[in-house]
Amino acid sequence: MAASAATPPSSRALSIPLVIHAARVTSEALNGDTILVDGDSGVVHLRPEDSVAAAFRDKIAMQAAAQSRYADLRGLPATARCGGTVGLYMNAGLMGDLPSLDGSGAEGVGLFRTELQFLTRTRVPRRDELAGMYRRVLDNAHGKPVVFRTLDIGSDKVLPYMKPQDEPNPAMGWRAIRVGLDKRGVLQMQLQALIRAAAGRALHVMFPFVAEESEFTHARAMLDHQLEREAAMGRELPTAIQVGAMLETPSLAFASPAFFRQCDFVSIGGNDLKQFFFAADRENERVRRRYDTLSVPFVALLAQIVDRCAQAGVPLSFCGEDAGRPAEAATFAALGLRRLSMRPASIGPVKSLIRRIDLCELRGLIDAARDEGVGNLRPVVTAYLARAADTRS
Ligand code: PEP
Ligand code: MG
């Protein structure tokens, strides 16, 4: 018997294979039953046939073999045959993720989801505890950059010790930077902890869910104020500070040039950006797969963001789940995105793919398809990737 559904975002962020809405499986499972959980495809098999179990074992072995093939690429750059090099970074959120940094060949952590440390506790962590934790993260990154995203609580990430807000629409409600700017104490404490942890080395801070310019200006001013306070107390400061905004709402793609110039970097949070662009809840099984990242309207939005950042001279990355999917990663790179951040297991496959394709040629095909008026670029991109794979083999 098989059931299927998807993994909710916070467990995905924690890299925990989890399948939900498998109601018949949970009601029919008995003690001692064999259950196969395929978190990647959102499928659960209860009391699987031998053939299903064997296929499962083969799949796991093939994945392990593929990962060991990718290990040979670890020290090599993701340089395409034409069109430049793409920096590949990993997403993380817990200390336990850091060993993957060297193993995956990532150039750094492009998204460190700091709320995970808050989610796994029963009380708000203290500033010194946080500083100690962030220091250990930086120590374990061995000099590679780590982009710390400040708390993104609310929406799908509800802290067990915070009074739940009774909001009709939490994804569009009081969350992330909105909470940080309204209840300044926690964000201030987190910024202090980050500054202390990065004393004598570089600090990268990213504010989540910025929907308009003034939110970024205020958050950045909070960070500057904390830096002044720490300096006045005679504490050693980070050697360099880069402050970025996550672009997760369509509004920010249309912000003024001055906004983009204010940012040291911008990172597209595609999971949220896509749900707001298509008005399709990322947690609702009925609609979450309905709209395609490679549909022309969404790609047009991404192309516009790439242009706006290029005009402002601000580095741009993409750190949503789509960055780790082959067709999406190739398309983003062809559009001009030069940094992609993904789960560690996707880095090898994406690197291997980028190294064998020609981003200039792919860009030409994408532009031609858009000029022809197609609605979705996936057929063009997947056909190109299949040809690239054939040419190589
Ligand atoms: C995103 O929205 O794409 C993102 C990376 O943030 P999260 O998935 O944590 O909301
Ligand atoms: Mg997000």
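Both ligands and their constituent atoms are indexed starting at 1 by order of listing. Residues take their numbers from the sequence shown, with the count starting at 1. Basis for what follows: all heavy atoms, side chains included, without hydrogens, waters or symmetry-related copies.
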(request) Identify whether NZ of Lys or CZ of Arg in Arg149 sits under 6.0 Å from the centre of the six-membered ring of Phe112 and within 45° of that ring's axis. (result) no
For [Y], is there an ion pair with [X] - N to carboxylate O distance below 4.0 angstrom?
X: Arg201; Y: Asp139; result: yes
X: Lys274; Y: Glu321; result: no
X: Arg378; Y: Glu328; result: yes
X: Asp152; Y: Arg113; result: no

(request) Give yes if a backbone or side-chain nitrogen or oxygen of Glu248 is under 3.5 Å from a nitrogen or oxygen of ligand 1, and no if not. (result) yes
Closer than 4.0 Å to some heavy atom of [X] - which atoms of ligand 1 meet that?
X: Arg282; answer: 2 (O), 7 (P), 8 (O), 10 (O)
X: Gly270; answer: 3 (O)
X: Asp272; answer: 1 (C), 2 (O), 3 (O), 10 (O)
X: Leu111; answer: 5 (C)
X: Arg113; answer: 4 (C), 5 (C), 6 (O), 7 (P), 8 (O), 9 (O)
X: Gly320; answer: 3 (O)
X: Met246; answer: 4 (C), 5 (C), 6 (O)
X: Gly269; answer: 1 (C), 2 (O), 3 (O)

(message) If the condition is salt bridge (charged side-chain N to carboxylate O under 4.0 Å, His left out), which residues does Glu361 pass it with, not counting sequence neighbours?
(response) none
(request) Using the test salt bridge (charged side-chain N to carboxylate O under 4.0 Å, His left out), find all partners of Asp224 that sit at least two apart in sequence or belong to another chain. (result)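 If we apply the salt bridge (charged side-chain N to carboxylate O under 4.0 Å, His left out) test to Asp224, skipping adjacent residues, there are no hits.
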(message) For a distance under 2.8 Å, give residue and atom name for each protein N, O or S atom next to the Mg ion (ligand 2).
(response)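 Metal shell, protein only: Glu248 OE1, Asp272 OD2.
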(message) Quick check on Glu321 - does any of its heavy atoms sit under 4.0 Å from an atom of ligand 1?
(response)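 No, that is not the case, since the closest heavy atom of the residue is not under 4.0 Å from the ligand.
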(request) Could you tell me if the ring centre of Phe148 sits under 6.0 Å from that of Tyr134? (result)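 Centroid distance Phe148-Tyr134: below 6.0 Å, so yes.
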(request) Tell me, with the steps shown, if Phe332 and Val86 meet side-chain contact (heavy atoms from CB on, under 4.5 Å). (result) CA-CA 10 Å; Phe332 298 164; Val86 182; over 6 Å; no
(request) Heavy-atom distances under 4.0 Å are what count here, so tell me which part of Met342 touches ligand 1: side chain, backbone, both or neither. (result)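 Within the 4.0 Å criterion, Met342 makes no contact with ligand 1.
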(message) Among residues at least two apart in sequence or on other chains, which ones pass side-chain hydrogen bond (donor to acceptor under 3.5 Å, both in side chains) with Lys351?
(response) none
(request) Could you tell me whether Asp371 atom CG has more than 12 heavy atoms of other residues or ligands within 6.0 Å of it? (result)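 Counting other residues, nucleotides and ligands, CG of Asp371 exceeds 12 neighbours.
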